[in-house]
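Scroll down for the structure; my scribbles are underneath it.
Just so you know, residue 1 is the first one in the sequence shown, and it goes up from there.
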Amino acid sequence: AWRFAAGAVALAAASGCSLPGFGAPDPKSSEGESIYSLWQGFFLTALAVAALAWGLIVFVILRYRRRDDEIPDQRAYNIPVEVVYTVTPLLIVAVLFGVSVAAQRSVTDSDADPVTRIDVVGFQWSWQFVYPDEDVTVTGGPGEPPEMVLPLDEPVELDLVSSDVNHSFWVPDFLSKRDLIQGIDNEITVTATEPGTYTGRCAEFCGLDHWR
């Protein structure tokens with residue numbers, strides 16, 4: 001049980017190495033890298049658990065298949081085995097919980113000294129980006145999505161504000177998102193790590209033209 005738990009920890013730690021994304025896109029932000037590594041660790045742990053389960057099933061099928069008419073051991077319980085299959089899942093869940101909390105803190109903690117701040121205003125049915133330090137406002141309209149410009153490798157604080165209903169600011173390539181809720185002060189720190197143009201989405205159904 002302890003060896004298996006240690007293996008789960010090793011798999012989670014190894015997830016930051018050159019491993020496939022298992023369906024997740026390559027993160028384009030430092031916050032997204034934490035989520036990406038967490039996803040890899042969970043996927044590898046799931047593979048290990050599946051391999052163990054199927055291995056045990058195949059072993060039992062082959063080892064204890066009927067060979068004669070002798071009745072097998074009829075004991076109702078096996079304390080050591082029951083302890084192992086009770087403790088092992090608890091250890092795995094505890095390890096996964098721990099790495100999840102660490103990744104969540106990495107993603108949700110605000111940077112104490114962001115290079116700049118942008119007010120992200122969601123409304124039906126587009127976005128407005130306000131740069132208070134530069135006195136610049138960019139507002140989207142029907143068929144004219146707004147463009148946000150971020151510095152590279154510098155933390156930027158996004159203050160999320162809804163002017164009407166609930167919205168959710170989501171850039172899929174950043175692998176993180178945050179809701180905009182009336183009366184709630186939400187913020188998110190984004191540190192872009194690769195130059196490029198990335199599409200933003202609203203991930204919360206906000207009305208008739210949400211799909212746009």
Return the CD1 to CG distance between Ile57 and Leu52, rounded to the nearest 0.5 Å. 9.5 Å
Tell me if a side-chain donor or acceptor on Asp164 pairs with a main-chain N or O of Gln124 at a distance below 3.5 Å. yes
Mind checking the CZ-OG spacing from Phe42 to Ser100? Nearest 0.5 Å is all I need. 3.5 Å
Could you grab the distance from atom CG of Leu44 to atom CG of Leu47, nearest 0.5 Å is fine? 6.0 Å
Taking Lys28's backbone N and O only, do any of them form a donor-acceptor pair with Asp173's side chain (distance below 3.5 Å, no angle check)? no
Does Arg65 reach the main-chain N or O of Leu62 with its side chain, forming a donor-acceptor pair under 3.5 Å? yes
Please determine if Arg117 and Asp119 form a salt bridge, counting it only when a charged side-chain N lies under 4.0 Å from a carboxylate O. yes
Would you kindly say whether Ser176 and Glu31 are connected by a side-chain donor-acceptor distance under 3.5 Å? no
Under a side-chain separation threshold of 4.5 Å, the hydrophobic residues clustered together with Val138 are Val115, Ile118, Val120, Trp127, Phe129, Tyr131, Val136, Met148, Val149, Leu150, Val156, Leu158, Leu160, Phe169, Val171, Phe174, Leu180, Ile188, Val190, Tyr198
Check this for me: Asp135, atom CG, are more than 12 non-hydrogen atoms of other residues, nucleotides or ligands nearer than 6.0 Å? no
Looking at Phe22, is its backbone amide N or carbonyl O close enough to the side chain of Trp39 to form a donor-acceptor pair, meaning the two atoms are under 3.5 Å apart? yes
So, the side chain of Arg212 versus the backbone of Gly143: is there a donor-acceptor pair under 3.5 Å, distance only? no
With distance as the sole test, does Arg75 use its side chain to make a donor-acceptor pair with the main-chain N or O of Tyr77 at under 3.5 Å? no
Side-chain donor/acceptor of Thr189 to backbone N/O of Asp111, under 3.5 Å: yes
Drop me the distance from Arg178's CZ to Ile184's CD1, to the nearest 0.5 angstrom. 12.5 Å
Between the side chain of Gln182 and the main-chain N/O of Asn166, is any donor-acceptor distance below 3.5 Å? no
Taking His167 for its side chain and Glu204 for its backbone only, find out whether a donor-acceptor pair lies under 3.5 Å. no
Can you list the steps and then say if Leu175 with Ser29 is a side-chain contact (heavy atoms from CB on, under 4.5 Å)? CA-CA 8 Å; Leu175 297 186; Ser29 70; 5.9 Å; no
